[in-house]
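Quantities reported herein were computed from a predicted structural model and do not represent experimental measurements. A, B, ... follow the sequence lines: proteins, then strands. Residue 1 opens every chain.
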Protein chains: 2
Amino acid sequence: MNIGSVSAQSGLSAKTIRYYEDIGLVKPLRDTNGYRSFQEKELHKLTFLSRARALGFTIEDCRALLALYEDETRASADVKRIAQEQLQMIEKKLVDLQNMHDTLSHLIDECAGDHRPDCPILKDLGKV
Amino acid sequence: MNIGSVSAQSGLSAKTIRYYEDIGLVKPLRDTNGYRSFQEKELHKLTFLSRARALGFTIEDCRALLALYEDETRASADVKRIAQEQLQMIEKKLVDLQNMHDTLSHLIDECAGDHRPDCPILKDLGKV
DNA sequence: CCTTGACCTTCCCCCCACTGGAACCCCTAT
DNA sequence: ATAGGGGTTCCAGTGGGGGGAAGGTCAAGG
């Protein structure tokens with residue numbers, strides 16, 4: 001399979017796949033013409049990466065997860081720990097975003113939103 | 001006021017304040033020794049920027065908001081519109097994060113997390 | 001056989017919003 | 001005189017790729 005094919009199947013752009021090769025996440029073979037030649041296993045890894053990234057795992061998380069993915073003697077506890085750490089990050093971000101949301105939402109409610117210059121949003125943001 | 005002073009008062013790092021000058025958000029005067037010299041107005045703007053950034057506004061949003069902040073003839077509707085757009089971005093991110101959270105949380109629940117290699121997290125991420 | 005157009009290659013720069021660090025200057029206290 | 005804590009500039013790097021140039025390769029159509 002060429003890069004275009006695995007790109008379509010994995011949902012990753014060709015650019016991204018080349019980047020993943022650069023940083024050592026995948027190691028496709030090369031044809032005599034220099035084209036990357038992906039085998040089933042590499043396609044699985046790329047699909048794995050695509051899903052893991054979509055769940056917010058960092059590249060380094062993905063590297064660790066991929067190592068476990070390929071290690072038949074892994075302990076599922078190791079995978080679960082990484083996933084739980086990521087879940088905590090997500091939960092923290094959710095709290096932060098929810099706070100932003102509430103603050104901004106409140107400010108917006110206070111603002112008349114008309115032709116007059118008086119604006120609680122600006123007033124609050126500039127408060128000393 | 002020197003940069004250290006406005007940094008402490010605004011909550012922005014000195015590095016960030018220099019960066020904000022670079023990109024034209026603030027324009028402090030200079031002392032004869034070359035030090036930046038901030039006046040009250042600049043401090044207000046920096047505090048404004050600090051708050052707005054904390055609410056997730058981009059630098060370009062901040063630039064627009066600052067222009068409105070300084071424009072005595074603004075219409076509050078213009079401010080409200082920018083804020084509402086930002087609120088929508090935040091709400092979209094909240095939905096995405098919540099979806100990530102639910103998916104990951106479900107996967108974690110399924111995983112035994114013991115010494116055995118069987119792991120629904122890896123299995124699901126690698127599914128074709 | 002030639003051309004066309006889709007695909008592939010490497011290379012380098014760009015994005016956001018900073019952060020770190022080097023090398024140097026300035027000011028005050030001891 | 002020196003030590004230390006300011007300040008200054010400039011260069012490079014972060015994460016996770018994207019855009020686009022300049023060029024090689026391949027299959028199909030005329």
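Pairs passing the ring-ring contact (aromatic ring centres under 6.0 Å, His included) check and including a residue from residues 99-128 of chain B, sequence neighbours excluded, do not occur.
The bend of the helix from C:dC1-D:dG30 to C:dT30-D:dA1, defined by the angle between the axes of its first five and last five pairs, stands at 30° to the nearest 10°.
A donor-acceptor pair is defined here as one N or O able to donate and one able to accept, closer than 3.5 Å; no such pair exists between the side chain of A:Thr16 and the backbone of A:Leu12. The main-chain N or O of A:Phe57 is found under 3.5 Å from a side-chain atom of A:Arg53 such that the two form a donor-acceptor pair. With B:Asp114 contributing its side chain and B:Arg116 its backbone, the two residues share a donor-acceptor pair below 3.5 Å. With hydrogens and angles ignored, the 3.5 Å screen pairs a side-chain donor or acceptor of B:Arg63 with a backbone N or O of B:Ile23. Between the side chain of A:Ser50 and the backbone N or O of A:Gly11 there is no donor-acceptor pair closer than 3.5 Å.
The interatomic distance linking A:Met89 (CE) with D:dG15 (C1') rounds to 13 Å, in whole Å. Taking atom CZ of A:Arg30 as the reference point, atom C1' of C:dC8 lies 10 Å away to the nearest angstrom. Atom CZ in B:Arg36 sits roughly 16 Å away from atom P in C:dC27 (whole-Å rounding). Summarising the geometry, the separation between CG on B:Asp31 and P on D:dG6 is reported as 17 Å, rounded to the nearest angstrom.
Going from atom CD of B:Gln86 over to atom CD of B:Glu91 covers 10.5 Å, rounded to the nearest 0.5 Å. In this structure, NZ on A:Lys45 lies 13.0 Å from OH on A:Tyr20, to the nearest 0.5 angstrom. In this structure, CG on A:Leu94 lies 8.0 Å from CD on A:Gln98, to the nearest 0.5 angstrom.
Near DNA chain C, defined here as any heavy-atom distance below 4.0 Å, there are no residues from residues 1-11 of chain B. Taking a 4.0 Å limit (strictly below) on heavy-atom distances, residues 56-65 of chain B reaches DNA chain C at B:Thr58, B:Ile59. For the segment residues 16-28 of chain A, the set of residues with a heavy atom within less than 4.0 Å of an atom of DNA chain C comprises A:Arg18, in numerical order.
Minimum interatomic distance between A:Ala64 and A:Ile82 (heavy atoms only, all atoms of both residues): CB-CD1, 3.9 Å.
The phosphate of D:dT8 (OP1 or OP2) has no side-chain N or O of B:Asn33 nearer than 4.0 angstrom.
Mapping A:Tyr35 and A:Lys15 onto DNA chain C by nearest heavy atom places A:Tyr35 at the nucleotide closer to the 5' end.
Looking at A:Lys92 and A:Asp96, a side-chain N of the basic residue comes within less than 4.0 Å of a carboxylate O on the acidic one, giving a salt bridge.
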Could you go through residues 36-44 of chain A and list every donor-acceptor pair under 3.5 Å that involves a side-chain atom there, pairing it with any protein atom two or more places apart or in another chain?
{"unit_1": "A:Arg36", "atom_1": "NE", "unit_2": "A:Glu21", "atom_2": "OE1", "d": "2.4"}
{"unit_1": "A:Arg36", "atom_1": "NH2", "unit_2": "A:Glu21", "atom_2": "OE1", "d": "3.2"}
{"unit_1": "A:Glu42", "atom_1": "OE1", "unit_2": "A:Lys27", "atom_2": "N", "d": "3.2"}

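Heavy atoms from other residues, nucleotides or ligands lying under 6.0 Å from CE of B:Met1 number more than 12.
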